[in-house]
Trainee: 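Next up is a structure, given as structure tokens.
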2 protein chains.
Amino acid sequence: MSAKPPAGSSVTSYDVARRAGVSQSAVSRAFRPGASVAPDTRDRIMAAARALGYAPNAIASGLITKRSHLAAIIISNLTNLYYPEVLAELTQRLSARGMRVLLFTLAAESDVDDMLDQVWRYRVDGAIVAARLSDAQLAQFADRGVPVVLYNRIGDAAPVASVCFDSGSGARALVDGLVAAGHRDFAIIGGPADSYVGEERVRAAAARLGHHGFDARLERGTFDHASGALAFRTLAATGLPDAVIAANDVMAIGAIDSARRDFGLAVPGDLSVVGFDGVGPATWHAYQVTTVRQPVRRMTDAAVAMLMERIETPGQTPEQRLFAGEILTGASARLKVTA
Amino acid sequence: MSAKPPAGSSVTSYDVARRAGVSQSAVSRAFRPGASVAPDTRDRIMAAARALGYAPNAIASGLITKRSHLAAIIISNLTNLYYPEVLAELTQRLSARGMRVLLFTLAAESDVDDMLDQVWRYRVDGAIVAARLSDAQLAQFADRGVPVVLYNRIGDAAPVASVCFDSGSGARALVDGLVAAGHRDFAIIGGPADSYVGEERVRAAAARLGHHGFDARLERGTFDHASGALAFRTLAATGLPDAVIAANDVMAIGAIDSARRDFGLAVPGDLSVVGFDGVGPATWHAYQVTTVRQPVRRMTDAAVAMLMERIETPGQTPEQRLFAGEILTGASARLKVTA
DNA sequence: CTGTTAGCGCTTTCAA
DNA sequence: TTGAAAGCGCTAACAG
């Protein structure tokens, strides 16, 4: 195993240099891939480094190279079942490209400006944002020259690079299937009004229903189970719908639970419920939600690729990439697929 | 709004000093709480800083103070429903104490040593580990003088500071309740054999059953839904049990789904199923898992407090804190509570 | 290929 | 209370 380091302070490249009988800059080179170092010199250096437990100080090198190899990931509500997978994927992909992840989560009461201040202090090379930031806050990234990619958000004021799920096509497919199967009384359970994806799903579904000559009642939730159930009860108070389109799977599940428990409805016998995202629990036997799955792998891959491009070549145009989903036919809705 | 910074390179304390008509060290002091700066000098400096969009470079200050204000959080499988909440809580609590989070997730195939190398390079002030590291890997933290707190793990070889859920008392209470309610044929769905909490739950449940004069068949899963369902099918192949103790809620749900779908059993009529953790979906109407809830808030609070103590005062004894859970009475099991 | 040298942006004595 | 000066550990020309 590695020998004890000088107990207390951390080992520097000078320590390694002394032990290997070379200059400090030789040590620096030995750790830079593609630097010109004689093979046996490098071996001697690496042996010395290993013996001392030396690891290059990324803090110090970042100071001079102006590359921290740090990417900020800013996520609002990790408790949304959909985000853990996204975070895990992003982290792994960034890691594979030599970047470390500085994680920022936003509590409901948290001060976003304080958080951004920390982002600036750490001189991150870039950021991936899956949280609602104001236009002014978003503008700071541009002002400071920090590349940023929005995830399932778009820049309202100035255009910003972003990766988004195209809920529209999925919403239309779901609506078409529900209409073809003979549903007549539609209800939509939306997300908070300031949620980009939530609104898009509501808009697209409503528009497509309109196209078919139907309209829908709308109730809003907060993307969690309880709010889905509550929204369904509220809707039911003015008459039971025969089809519910929820803006995400968890609210769809909440609605199913309420329909069964509070109203004794059979799903999908009496009521069809569809959702969005394709989270794990949506496939569980008791729910089997018919939903539109987001291609999380492809989306996170794109987000990281776009970020890295912008870090390596500043001044790229603010591309916006859209990803269509795939209908996951569950058992929570009677759907007639018009192929 | 803030004026444009010098377009391109980032603003330094020298820029601020020049604009405020003071020395660079005055700027440095102005940003250190409790440093001796005249109030009006500080105001001038802050005004200049704001105008230039200056944020102190944490990378540079870390180099000299030897405090990066970075804490590594190392988590193995974020997709385990239980971890996102833990991660969110840890991040917020660390943030409240002026620490930033450097996140490391472990993919199944990922090289732990490479990951640790990155941890060392960033000179983190400390780490919270919710992943299985080898004794040798754990030992490196001590060798390098990096404080570490284990989360739901313990140090096998050398003692390490840790925060753990005491599954034992919960397991015993569950078993007592199941036995009192008249169950006779017990099965346990455990986690992977190398999971600390998983094993503790299995051991405690088996021991308590033994104490009551029962034994239990054991099948192992991987903490996910599919493995819970599979384990139940495997158990059922050698006879249907009348009580299943699963090492976590998600496997309990998997077992319930399999029992209902594959064997037409009523839960809890024909079969009682209990779990551990108290994750959100466990309370959903279709499952309502009777479980032992981990006190995540108190545990994350303790983990962060212990870490900060060790960062601020090195050389503390390796305390181990245990937290008991609370039985959440659902509707997935017939339980007679012997108060 | 290797060593020398000059900083990166900041904190911290030490004098004034 | 303030400024000057010396680094923190490293990278990056530039000579040799």
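Numbers restart at 1 for each chain; the letters A, B, ... are given by sequence-line order, proteins then strands. Source: prediction; values computed, not measured.
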Trainee: So which nucleotide from D:dC8, C:dG9, C:dG3 ends up closest to the side chain of B:K66?
Mentor: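 The closest nucleotide is D:dC8.
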
Trainee: Verify the contact: side-chain N or O of A:S13 to OP1 or OP2 of D:dC10, cut-off strictly under 4.0 Å; return yes or no.
Mentor: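 Yes, because at least one side-chain N or O of A:S13 sits under 4.0 Å from OP1 or OP2 of D:dC10.
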
Trainee: Does the side chain of A:V119 reach to within under 4.5 Å of the side chain of A:V146, using non-hydrogen atoms?
Mentor: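 Result no, sub-4.5 Å side-chain heavy-atom pair not found.
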
Trainee: If I take atom CZ in residue A:R32 and atom P in nucleotide D:dC10, what distance separates them, rounded to the nearest angstrom?
Mentor: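 Distance, rounded to whole Å: 13 Å.
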
Trainee: Please report the distance, rounded to the nearest Å, between CZ in B:R67 and P in D:dG9.
Mentor: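 In whole Å, D:dG9 P and B:R67 CZ are 16 Å from each other.
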
Trainee: So A:E89 and A:M299, do their side chains get closer than 4.5 Å, heavy atoms only?
Mentor: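 Answer no - side chains too far apart.
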
Trainee: Report which part of the nucleic acid A:F31 touches: base, sugar-phosphate, or nothing (heavy-atom distance under 4.0 Å, all strands).
Mentor: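 No contact.
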
Trainee: Tell me the interatomic distance from B:H69, atom NE2, to C:dC10, atom C1', rounded to whole angstroms.
Mentor: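 That distance rounds to 13 Å.
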
Trainee: Just to be sure I understand the rule, does A:T12 reach a base, reach only the sugar-phosphate, or reach nothing, if contact means heavy atoms closer than 4.0 Å?
Mentor: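 The answer is sugar-phosphate, as A:T12 gets under 4.0 Å only of primed atoms, P, OP1 or OP2.
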
Trainee: Salt bridge (Lys or Arg N to Asp or Glu O under 4.0 Å) for A:R298 and A:D301? Distances and angles first, verdict last.
Mentor: CA-CA 5 Å; A:R298 287 196 297 134; A:D301 190 50; over 6 Å; no

Trainee: Within the supplied structure, the quantity of interest is the number of heavy atoms (other residues, nucleotides, ligands) at a distance under 6.0 Å from A:R97 CZ; does it exceed 12?
Mentor: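 Yes, CZ of A:R97 has more than 12 neighbouring heavy atoms, counting only those of other groups under 6.0 Å.
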
Trainee: Does C:dT2 have its OP1 or OP2 closer than 4.0 Å to a side-chain nitrogen or oxygen of A:T41?
Mentor: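 Yes, such a contact exists.
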
Trainee: What's A:S36 touching, base or sugar-phosphate or nothing? Going by heavy atoms closer than 4.0 Å.
Mentor: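 The residue A:S36 makes base contact.
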
Trainee: Base, sugar-phosphate, or nothing: which does A:V22 touch, judged by heavy atoms less than 4.0 Å apart?
Mentor: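 Sugar-phosphate, no base atom in range.
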
Trainee: Any N or O donor-acceptor pair under 3.5 Å from the base of C:dT12 to the side chain of B:T65?
Mentor: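 No such pair is found, so the answer is no.
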
Trainee: Are side-chain heavy atoms of A:V129 and A:V160 found at a separation under 4.5 Å?
Mentor: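 Side chain of A:V129 against side chain of A:V160, heavy atoms only: no contact under 4.5 Å found.
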
Trainee: I want to check one thing: is the phosphate of D:dC10, taken as OP1 and OP2, less than 4.0 Å away from some side-chain N or O of A:Y54?
Mentor: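 True: A:Y54 side-chain N/O within range (under 4.0 Å) of D:dC10 OP1/OP2.
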
Trainee: B:I59 has an atom CD1; how far is it from atom P of C:dG7, in whole Å?
Mentor: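 Computing the B:I59:CD1 to C:dG7:P distance gives 22 Å.
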
Trainee: Would you say C:dT11 has OP1 or OP2 under 4.0 Å from some side-chain N or O of B:S28?
Mentor: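 Answer is yes, contact under 4.0 Å.
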
Trainee: Round to the nearest Å and state the distance from B:W120 atom CH2 to D:dG9 atom C1'.
Mentor: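 One finds 19 Å between C1' of D:dG9 and CH2 of B:W120, rounded.
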
Trainee: Please state whether the base of C:dG3 and the side chain of A:R29 form at least one donor-acceptor pair under 3.5 Å?
Mentor: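 Indeed, a donor on one side and an acceptor on the other fall under 3.5 Å apart.
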
Trainee: Among B:Q92, B:R93, B:E85, exactly one meets side-chain hydrogen bond (donor to acceptor under 3.5 Å, both in side chains) together with B:T300. Which residue is that?
Mentor: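 For B:T300, the side-chain hydrogen bond (donor to acceptor under 3.5 Å, both in side chains) check succeeds only for B:R93.
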
Trainee: Let me know the distance between CZ of A:R18 and C1' of C:dG3, rounded to the nearest Å.
Mentor: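 Taking atom C1' of C:dG3 as the reference, CZ of A:R18 is at 16 Å.
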
Trainee: Between D:dT1, D:dC10, C:dG9, spot the one nearest the side chain of A:L63, thanks.
Mentor: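 For A:L63, the side-chain atoms sit closest to C:dG9.
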
Trainee: With nearest nucleotide decided by heavy atoms, which residue, B:N57 or A:V37, maps closer to the 5′ end of DNA chain C?
Mentor: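 With B:N57 and A:V37 compared, the 5'-side residue is A:V37.
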
Trainee: Within this structure, what is the CG-to-C1' distance between B:D15 and C:dC10, rounded to whole angstrom?
Mentor: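 Going from B:D15 (CG) to C:dC10 (C1'), I get 13 Å.
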
Trainee: To the nearest Å, give me how far apart CD (A:Q24) and C1' (C:dT2) are.
Mentor: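 Nearest whole value for this atom pair: 12 Å.
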
Trainee: When you measure from the side chain of B:A26, which nucleotide among D:dT2, D:dG3, C:dG9 comes out closest?
Mentor: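 Nucleotide nearest to B:A26's side chain: D:dG3.
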
Trainee: Just compare C:dG7, D:dG9, C:dG3 and give me whichever is closest to any side-chain atom of A:A60.
Mentor: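 Of all the options, the side chain of A:A60 is nearest to D:dG9.
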
Trainee: Between D:dA12, D:dT1, C:dC10, spot the one nearest the side chain of A:S25, thanks.
Mentor: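 Selected nucleotide (nearest to the side chain): D:dA12.
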
Trainee: Measuring from the side chain of A:I64 (C-beta onward, heavy atoms only), which nucleotide among C:dT4, D:dT11, D:dG9 has the closest atom?
Mentor: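 The closest nucleotide is D:dT11.
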
